A.B. asks: 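One structure, as structure tokens, below. Some questions next.
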Amino acid sequence: MNLSIIVPCYNEEQEIPNLATQLNPVIEQLKEDYNVELIFVDDGSTDQTNQLLHEHFDSKTKTKIIKHEKNKNLGAAMRTGFAHATGDYIATIDSDCTYNPRLLIPMLQMLDKDTDIVTVSPYHPEGKVENVPGYRVFLGKSISSIYRLITKKKIHTFTALFRVQKREVIENVPFQSDTFLATAEMLVYSLMKGYKVKEFPATLTIRKFGSSKMKFLQVIRSHQKFVFKLLKSKIKKKS
């Protein structure tokens, strides 16, 4: 099996060495079962992110480092990564290690004939959140609760980037957002198309290096618009 691991990065020079320390041993273990390719999407970084990616990852493993000339935001970086991925399975993970990269191993084992997507889920009853600001947890839980009601699926976390999915999902589920909304948008549309999703209860931690690139007011507005769009579509179908 071929596995593509996509890692969007933006001004993460403080985090790249830590990412390499945590991710590289996982890659070596995954190579026992998969042909692994790493795809880093440098989303217009203005610091030393690109140089450090080449220093820490451009050797033992098939690696693609793609640079956006300007910052386009998370959703656009995801689409760029998907366009360059060749794997039968495609993973997206965070560059800040707020989820342990080692989670890739058990999550990939959960993909079977009845499962198309496995997503981390800190808001699952068996998941955890450690030292994350309360407003971020409140936002994530509230947004996910709304999508759970709309989709009528027992999914507790819709907003996580850290996922593994079959290639078929990537090829058949387009999403429009360039922002952090993209993670929820893609999962919602996947569920609407009938793809089967499992959650992996996980621990979400605060990043140790650098700062979050999420703009919370922008995120809230984008989710509001998307929820309105979904509700409007449901009303049209009923009428």
Side-chain angles (χ1 to χ4, degrees), residues 1-109 111 117-120 160-171 175 178 180 182-183 186 200 202 207-210 212-213:
M1 278 290 186
N2 297 317
L3 169 65
S4 301
I5 301 173
I6 299 169
V7 191
C9 305
Y10 176 55
N11 285 347
E12 291 287 1
E13 63 180 5
Q14 295 180 58
E15 183 61 52
I16 298 303
N18 179 50
L19 175 64
T21 298
Q22 295 199 46
L23 181 56
N24 280 332
V26 177
I27 299 301
E28 292 305 308
Q29 187 169 345
L30 287 170
K31 284 180 181 179
E32 296 175 7
D33 298 303
Y34 302 94
N35 297 316
V36 180
E37 70 172 358
L38 273 174
I39 302 174
F40 293 97
V41 182
D42 176 1
D43 190 24
S45 296
T46 56
D47 61 5
Q48 298 299 310
T49 292
N50 198 274
Q51 177 183 331
L52 290 170
L53 287 173
H54 281 280
E55 290 177 3
H56 287 278
F57 294 101
D58 201 12
S59 56
K60 294 181 181 179
T61 303
K62 180 181 178 183
T63 304
K64 301 176 183 177
I65 300 174
I66 304 145
K67 183 172 175 62
H68 288 167
E69 290 305 313
K70 61 179 181 179
N71 180 247
K72 296 182 179 182
N73 216 324
L74 179 63
M78 288 168 61
R79 275 194 295 274
T80 295
F82 292 152
H84 287 82
T86 63
D88 304 293
Y89 296 151
I90 299 174
T92 51
I93 73 171
D94 304 85
S95 60
D96 60 9
C97 296
T98 48
Y99 296 101
N100 192 320
R102 182 162 291 280
L103 297 180
L104 281 173
I105 296 169
M107 288 173 67
L108 283 163
Q109 293 171 349
L111 285 176
I117 304 168
V118 180
T119 182
V120 293
L161 173 67
F162 201 114
R163 290 179 191 154
V164 296
Q165 50 247 309
K166 295 176 181 176
R167 183 171 191 83
E168 178 187 349
V169 177
I170 303 302
E171 293 177 342
F175 59 93
D178 288 338
F180 280 75
T183 55
M186 186 173 181
F200 185 90
R207 61 159 59 226
K208 294 181 179 179
F209 306 96
S212 173
K213 310 307 184 296

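This is a predicted model, so every value here is computed, not measured.
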A.B. asks: Any side-chain heavy atom of V7 within less than 4.5 Å of one from L53?
C.D. replies: no
A.B. asks: Do L104 and L3 touch side chain to side chain, with heavy atoms closer than 4.5 Å?
C.D. replies: no
A.B. asks: Residues two or more places apart in sequence or in another chain: which of them pass side-chain hydrogen bond (donor to acceptor under 3.5 Å, both in side chains) with S45?
C.D. replies: D42
A.B. asks: State, yes or no, whether a side-chain contact exists between L52 and E12 at a heavy-atom distance under 4.5 Å.
C.D. replies: no
A.B. asks: Test: salt bridge (Lys or Arg N to Asp or Glu O under 4.0 Å). Region: residues 45-57. Which pairs qualify, not counting sequence neighbours?
C.D. replies: none
A.B. asks: Do I6 and F82 have side chains that approach each other closer than 4.5 Å (heavy atoms only, starting at C-beta)?
C.D. replies: yes
A.B. asks: So do T183 and L74 actually touch side chain to side chain, heavy atoms under 4.5 Å?
C.D. replies: yes
A.B. asks: Please tell me if the side chains of L23 and I93 come closer than 4.5 Å, counting only heavy atoms from C-beta onward.
C.D. replies: yes
A.B. asks: With a 4.5 Å limit on heavy-atom distance, are the side chains of M186 and Q165 in contact?
C.D. replies: yes
A.B. asks: Among residues two or more places apart or on two chains, list those pairs meeting ring-ring contact (aromatic ring centres under 6.0 Å, His included) that have a residue in residues 31-78.
C.D. replies: F40-F57
A.B. asks: Who are the salt bridge (Lys or Arg N to Asp or Glu O under 4.0 Å) partners of D43, not counting sequence neighbours?
C.D. replies: none
A.B. asks: What's the separation between atom CD1 in I16 and atom CD in Q48, rounded to the nearest 0.5 Å?
C.D. replies: 11.5 Å
A.B. asks: Q22: what forms a side-chain contact (heavy atoms from CB on, under 4.5 Å) with it, not counting sequence neighbours?
C.D. replies: N18, C97, N100, P101
A.B. asks: Using atom types as modelled and distance alone, determine if a side-chain donor or acceptor of D96 lies under 3.5 Å from a backbone N or O of T98.
C.D. replies: yes
A.B. asks: Enumerate, atom names and distances included, each donor-acceptor pair closer than 3.5 Å involving a side-chain atom of residues 84-92, sequence neighbours excluded.
C.D. replies:
{"residue": "H84", "atom": "ND1", "partner": "T80", "partner atom": "O", "Å": "2.9"}
{"residue": "T86", "atom": "OG1", "partner": "E37", "partner atom": "OE1", "Å": "3.3"}
{"residue": "T86", "atom": "OG1", "partner": "E37", "partner atom": "OE2", "Å": "3.0"}
{"residue": "D88", "atom": "OD2", "partner": "N2", "partner atom": "N", "Å": "2.8"}
{"residue": "T92", "atom": "OG1", "partner": "L161", "partner atom": "O", "Å": "2.5"}

